[in-house]
Peer 1: 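A single structure is presented below for examination.
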Amino acid sequence: MKIGYPCLNSGLGCTPNRTFRLSSYSIERVKETVQQNLDCLQKTLDFNLKNGLLFFRIGSGLVPFASHPVFKFDWQNYFKKQFQDIGEYIKKNNFRISMHPDQFVVINALDKDIVKRSIKEIDYHCQVLDLMGLCQTAKVQIHIGGVYGNKPESIKRFIQNYKKLSKRIKKRLVIENDHLKYSLRDCLRIHQQAKIPIVFDVFHHYCLNNGESIKRALLFTSKTWTKKDGLLMVDYSSQKKDALKGSHAESIDMKDFKNFISKSKGINFDIMLEIKDKEKSALKAKKCIF
DNA sequence: AGTTGTCAAGCTAGT
DNA sequence: ACTAGCTTGACAACT
């Protein structure tokens with residue numbers, strides 16, 4: 001089992017997600033920003049290696065506006081060496097990597113332009129992992145998308161659109177249960193038809209489920225990952241007290257986490273702690289497990 | 001130096 | 001009708 005946190009280390013004084021306003025876009029600005037992001041990503045991975053946090057989610061903002069029409073710069077070639085180097089480091093030290101395109105990516109949208117933009121954005125994520133030379137265990141996770149008042153039709157549209165995706169995307173794309181629309185059961189149905197691996201989100205499952213226990217949910221989802229895909233990925237968070245349902249906690253609730261770990265005995269997976277204080281909670285969780 | 005409004009993009013539920 | 005929440009964070013223009 002590898003433990004990790006998403007996108008950003010809060011104590012390093014740098015971010016791998018620097019960006020700029022679209023209005024200040026220029027090739028110079030891209031070169032400068034992406035280089036800083038890559039440097040910080042390397043620094044973050046160094047920290048993670050030293051601290052035994054071997055699961056990491058690379059943020060979508062690594063190359064700002066990469067899939068936007070204004071973007072007319074061959075970043076893949078310009079930064080080839082840097083991406084290769086980071087990829088080598090990742091492979092040498094046996095990191096597990098994921099990426100998570102944001103909420104604007106909707107594969108089953110009714111509007112064809114939204115679908116088109118979504119695919120372009122997913123493709124950018126896959127390009128990052130491809131440039132690093134990572135194998136198929138490095139994944140890009142998305143939610144199913146919108147319901148549009150008709151879930152069966154929307155699921156059907158998801159599967160249809162999924163089937164049309166390129167090989168490069170299909171080998172990396174995985175789906176995740178969300179907290180108000182598509183439950184684990186919905187994801188499992190989609191898996192039956194499209195064979196997409198499922199990232200199990202513990203917190204979302206707590207918000208929206210059909211009565212499956214944690215143990216059964218982990219068993220079901222772990223079976224959706226083939227040897228090529230690697231170990232099941234699990235996202236973990238807990239409810240922020242006195243906030244709207246679905247908002248993530250500031251810091252890990254160790255009682256809740258221990259409870260989850262005891263329920264998961266016998267199943268192997270990599271776990272991502274989606275908690276606001278990032279590496280701090282990941283370190284606490286690591287201490288509790290090992 | 002610190003504060004605040006705003007940022008490419010979508011969807012849903014709660015107010 | 002509007003906003004919070006989602007992986008929310010980070011820029012840029014202002015005090």
Side-chain angles (χ1 to χ4, degrees), chain A residues 4-10 12-26 29-30 32-34 36-37 40 44 55-71 97-125 139-151 154 157-158 161 174 176-183 186 199 201-204 206-208 233-240 242-250 271-279 281-282:
Chain A
Y5 59 97
C7 307
L8 176 79
N9 183 305
S10 63
L12 293 179
C14 72
T15 168
N17 308 300
R18 284 201 66 168
T19 182
F20 44 83
R21 289 291 126 88
L22 189 54
S23 58
S24 38
Y25 173 90
S26 71
R29 196 67 192 268
V30 171
E32 184 191 315
T33 307
V34 175
Q36 285 174 344
N37 285 345
C40 185
T44 306
F55 188 17
F56 189 67
R57 180 181 300 161
I58 297 174
S60 299
L62 192 64
V63 183
F65 304 105
S67 75
H68 191 280
V70 301
F71 205 103
I97 299 294
S98 69
M99 293 186 85
H100 193 336
D102 63 29
Q103 61 270 32
F104 309 108
V105 168
V106 185
I107 284 295
N108 73 348
L110 293 167
D111 181 338
K112 286 203 169 111
D113 285 335
I114 295 176
V115 177
K116 222 168 151 183
R117 282 197 293 272
S118 297
I119 293 171
K120 219 177 154 196
E121 177 71 359
I122 295 172
D123 197 56
Y124 147 66
H125 286 76
K139 294 299 187 189
V140 174
Q141 64 188 87
I142 58 167
H143 295 291
I144 307 305
V147 173
Y148 309 98
N150 187 342
K151 199 187 258 188
S154 296
R157 209 166 44 250
F158 179 91
N161 289 344
V174 294
E176 178 190 355
N177 57 305
D178 69 67
H179 74 293
L180 42 87
K181 295 166 284 178
Y182 292 96
S183 67
D186 296 322
V199 174
D201 190 308
V202 182
F203 180 44
H204 291 162
Y206 158 80
C207 296
L208 177 72
M233 287 179 176
V234 171
D235 283 356
Y236 174 90
S237 182
S238 45
Q239 174 68 39
K240 182 176 176 179
D242 305 319
L244 277 178
K245 192 175 173 185
S247 53
H248 288 194
E250 295 291 334
I271 186 163
M272 176 72 58
L273 295 153
E274 294 182 329
I275 298 182
K276 298 255 202 288
D277 66 3
K278 305 286 179 184
E279 78 287 351
S281 285

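Every chain is numbered from 1 and lettered A, B, ... according to where its sequence line falls, protein lines coming before strand lines.
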Peer 1: B/dG10 C1' sits how many Å from A/Asp102 CG, rounded?
Peer 2: 9 Å

Peer 1: Which part of the nucleic acid, if any, lies within contact of A/Pro16, taking any heavy atom under 4.0 Å across all strands shown: a base, the sugar-phosphate backbone alone, or nothing?
Peer 2: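 Nothing, no nucleic acid heavy atom in range.
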
Peer 1: Have A/Arg18 and A/Thr15 got a donor and an acceptor in their side chains that come within less than 3.5 Å?
Peer 2: no

Peer 1: For A/Val70, does its backbone N or O pair with a side-chain atom of A/His68 as donor and acceptor, under 3.5 Å?
Peer 2: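 Yes; judged by distance alone, with no hydrogens or angles, the pair exists.
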
Peer 1: Are the ring of A/Phe104 and the base ring of B/dG10 both nearer than 5.5 Å at their centres and tilted by less than 30°?
Peer 2: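 So no, this residue does not stack on that base, at least one cut-off failing.
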
Peer 1: Across all strands, who's sitting opposite C/dT8 as a Watson-Crick or G-U wobble pair, both distances under 3.5 Å?
Peer 2: none

Peer 1: Side chain of A/Asn17, backbone of A/Cys7: donor and acceptor closer than 3.5 Å?
Peer 2: yes

Peer 1: Which whole-number value in Å describes the distance from A/Phe65 CZ to B/dA9 C1'?
Peer 2: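 Distance check: A/Phe65 CZ to B/dA9 C1' gives 10 Å.
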
Peer 1: Contact class for A/Thr15 vs. all strands (heavy atom < 4.0 Å): base, sugar-phosphate, or nothing?
Peer 2: sugar-phosphate

Peer 1: Of the candidate nucleotides B/dT12, C/dT7, C/dA12, which contains the atom at the shortest distance from the side chain of A/Lys181?
Peer 2: B/dT12

Peer 1: Figure out the CD1/C1' separation between A/Ile114 and B/dC11, and round it to whole Å.
Peer 2: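 Taking CD1 of A/Ile114 and C1' of B/dC11, I get 10 Å after rounding.
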
Peer 1: Rounded to whole Å, how long is the line connecting atom CG of A/Asn177 with atom P of C/dC6?
Peer 2: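 These atoms are roughly 15 Å apart.
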
Peer 1: Which whole number of Å gives the distance between the P atom of B/dA13 and that of C/dT7?
Peer 2: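 My reading of the P atoms in B/dA13 and C/dT7 gives 16 Å.
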
Peer 1: With rounding to whole Å, what would you report as the distance between C/dT8 and B/dA1 at their C1' atoms?
Peer 2: 24 Å

Peer 1: Rounded to whole angstrom units, what separation is found between the OH atom of A/Tyr182 and the P atom of B/dC11?
Peer 2: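 Taking atom P of B/dC11 as the reference, OH of A/Tyr182 is at 11 Å.
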
Peer 1: Hey, does A/Ser118 reach any base, or is it just sugar-phosphate, or nothing, if we go heavy atoms under 4.0 Å?
Peer 2: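 Contact class for A/Ser118: none.
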
Peer 1: Show your working on salt bridge (Lys or Arg N to Asp or Glu O under 4.0 Å) between A/Arg117 and A/Asp111 and close with a plain yes or no.
Peer 2: CA-CA 10 Å; A/Arg117 282 197 293 272; A/Asp111 181 338; 5.3 Å; no

Peer 1: Using Watson-Crick or G-U wobble geometry with both distances under 3.5 Å, which nucleotide pairs with C/dC14?
Peer 2: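 Paired with C/dC14, as far as the under-3.5 Å criterion goes, is B/dG2.
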
Peer 1: Between P on B/dG10 and CD1 on A/Ile119, what's the gap in Å once rounded to a whole number?
Peer 2: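 Atom-to-atom, A/Ile119 to B/dG10, this comes out as 15 Å.
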
Peer 1: Considering only C/dT7, B/dG10, B/dC7, which nucleotide approaches the side chain of A/Arg21 most closely?
Peer 2: B/dC7

Peer 1: For A/Arg18 and C/dC11, is the shortest distance between a side-chain N/O and OP1 or OP2 below 4.0 Å?
Peer 2: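 For C/dC11, OP1 or OP2 has a side-chain N or O of A/Arg18 closer than 4.0 Å.
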
Peer 1: Rounded to whole angstroms, how far apart are CD on A/Gln103 and C1' on C/dG5?
Peer 2: 9 Å

Peer 1: Please check if any side-chain donor atom of A/Ser67 sits under 3.5 Å from a side-chain acceptor atom of A/Glu121, or the reverse.
Peer 2: yes

Peer 1: A/Lys120 NZ to B/dA9 P: how many Å, rounded?
Peer 2: 15 Å

Peer 1: Between A/Pro6 and A/Thr33, who's closer to the 5' end of DNA chain C by nearest nucleotide?
Peer 2: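 The residue whose closest nucleotide sits nearer the 5' end is A/Pro6.
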
Peer 1: Does a nitrogen or oxygen in the side chain of A/Arg29 sit under 4.0 Å from OP1 or OP2 of C/dA12?
Peer 2: yes

Peer 1: Could you give the distance from CG (A/Leu8) to CZ (A/Phe56), rounded to the nearest 0.5 Å?
Peer 2: 7.5 Å

Peer 1: Which nucleotide wins on minimum distance to the side chain of A/Leu8, given the candidates B/dC11, C/dA10, C/dT7?
Peer 2: C/dA10

Peer 1: For B/dA8 and C/dA1, measure between their C1' atoms and round to the nearest Å.
Peer 2: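 To the nearest whole Å, 23 Å.
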
Peer 1: When you measure from the side chain of A/Leu180, which nucleotide among B/dA13, C/dT8, B/dA9 comes out closest?
Peer 2: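 Shortest atom-to-atom distance from the side chain points to B/dA13.
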
Peer 1: Do the side chain of A/Tyr5 and the main chain of A/Asp277 share a donor and acceptor less than 3.5 angstrom apart?
Peer 2: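 Checked: no pair found.
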
Peer 1: Please state the C1' separation for the pair B/dT4 and C/dC6 - nearest whole angstrom.
Peer 2: 23 Å

Peer 1: Indicate, with a heavy-atom threshold strictly under 4.0 Å, whether A/Val70 touches base, sugar-phosphate, or nothing.
Peer 2: nothing

Peer 1: Give a yes/no answer on whether the side chain of A/His100 brings an N or O atom under 4.0 Å of OP1 or OP2 in C/dT8.
Peer 2: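 Looking at the OP1 and OP2 atoms of C/dT8, neither is under 4.0 Å from any side-chain N or O of A/His100.
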
